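Some notes on the structure that comes next.
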Amino acid sequence: MINDSVLVIVDMLHDFIDGSLACANADNAVDNTLQFIQKTRDEDLPLLFIRDHHPANHSSFREFGGTWPVHCVAGTRGGEIDEKLQPYVDEDLTFDKGCDPAVEQYSGFDGVNAAGQSLGEVISMLEPENVFVCGIATEFCVKNTCEDLKRAGFNVVLLSDCLAYVDAAVHKKALEEMSSEGIHIRS
């Protein structure tokens with residue numbers, strides 16, 4: 001099931017792990033993702049990283065009328081991918097979202113790489129049988145990314161052991177909703 005697949009790693013960033021928006025289960029999510037990557041290295045599984053990459057004046061921040069504390073500002077530690085995952089990061093396969101100060105973007109589908117390619121474009125070129133997804137936070141960016149991947153026609157497999165979340169009850173509800181939408185949940 002791993003051959004001819006890709007892994008999309010959503011927002012495993014310091015601010016969501018131990019920073020201003022630290023999520024429940026974040027350390028476990030990172031460690032379990034790392035184990036999944038190490039188990040599949042022989043399969044040459046492409047790893048696509050999604051990164052919330054905000055300017056300091058982003059409209060989603062409370063001080064600019066948004067609902068969130070300042071988080072994942074480009075160029076800060078909080079906006080960087082966890083160091084345990086850094087050895088696997090390829091900037092060509094890293095997709096930044098939330099870069100426009102006026103636009104909130106939850107889905108990794110909205111992200112673009114340094115060449116200006118969208119996540120959807122790159123995944124389509126790779127022609128995977130399965131798109132595995134993990135990341136932070138289940139209820140927001142992970143769910144939106146999975147739903148957009150599914151709508152685009154991909155077979156989406158969500159790795160439930162590799163997720164962190166804001167609220168446990170909402171996380172569980174999001175998993176149920178995604179399952180009912182045809183997204184496969186795998187531990």
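Note that the structure is predicted; figures quoted are calculated from it, not measured.
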- Message: Checking D18 now: which residues fulfil salt bridge (charged side-chain N to carboxylate O under 4.0 Å, His left out) with it, not counting sequence neighbours?
- Response: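 Testing D18 for salt bridge (charged side-chain N to carboxylate O under 4.0 Å, His left out), a comparison that skips the adjacent residues, returns R77.
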
- Query: Under the salt bridge (charged side-chain N to carboxylate O under 4.0 Å, His left out) test, which residues partner E121, sequence neighbours left out?
  - Reply: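 Here no residue qualifies.
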
- Message: Looking at every non-hydrogen atom in both residues, tell me the closest pair between I185 and S179 and how far apart they are.
- Response: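 Heavy atoms only, the tightest pair is CG1-CB, 4.0 Å.
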
- Task: Identify the two heavy atoms, one from L13 and one from G78, that lie closest to each other, and give their separation to 0.1 Å.
- Result: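 Closest approach of L13 to G78: CB-O, 3.8 Å.
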
Supply the atom-to-atom distance [X] [atom1] to [Y] [atom2], rounded to the nearest 0.5 angstrom.
X	Y	atom1	atom2	answer
E104	D110	CD	CG	10.0 Å
Y106	D148	OH	CG	14.0 Å
H53	T76	NE2	OG1	9.0 Å
N28	T33	CG	OG1	10.5 Å

- Could you tell me whether K150 and E181 make a salt bridge, using a distance below 4.0 angstrom between a side-chain N and a carboxylate O?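 Not counted as a salt bridge, because no side-chain N and carboxylate O are separated by less than 4.0 Å.
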
- Would you mind checking if E91 and R51 are paired as a salt bridge, meaning a charged N to carboxylate O distance below 4.0 Å?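 Salt bridge flag = yes for E91 with R51.
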
- Mind checking whether F16 and H71 have ring centres under 6.0 Å apart?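 Yes: the rings meet the under 6.0 Å criterion.
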
- Query: Would you say the side chain of L163 lies within less than 4.5 Å of the side chain of L158, judging by non-hydrogen atoms?
  - Reply: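 A side-chain contact exists here, since the closest heavy-atom pair is under 4.5 Å.
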
- Is a side-chain N or O of E147 found less than 3.5 angstrom from the main chain of M178, in a donor-acceptor match?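 Judged by distance alone, no pair lies under 3.5 Å.
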
- Query: Which residue pairs pass the ring-ring contact (aromatic ring centres under 6.0 Å, His included) test with at least one member in residues 152-175, sequence neighbours excluded?
  - Reply: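 The answer is Y165-H171.
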
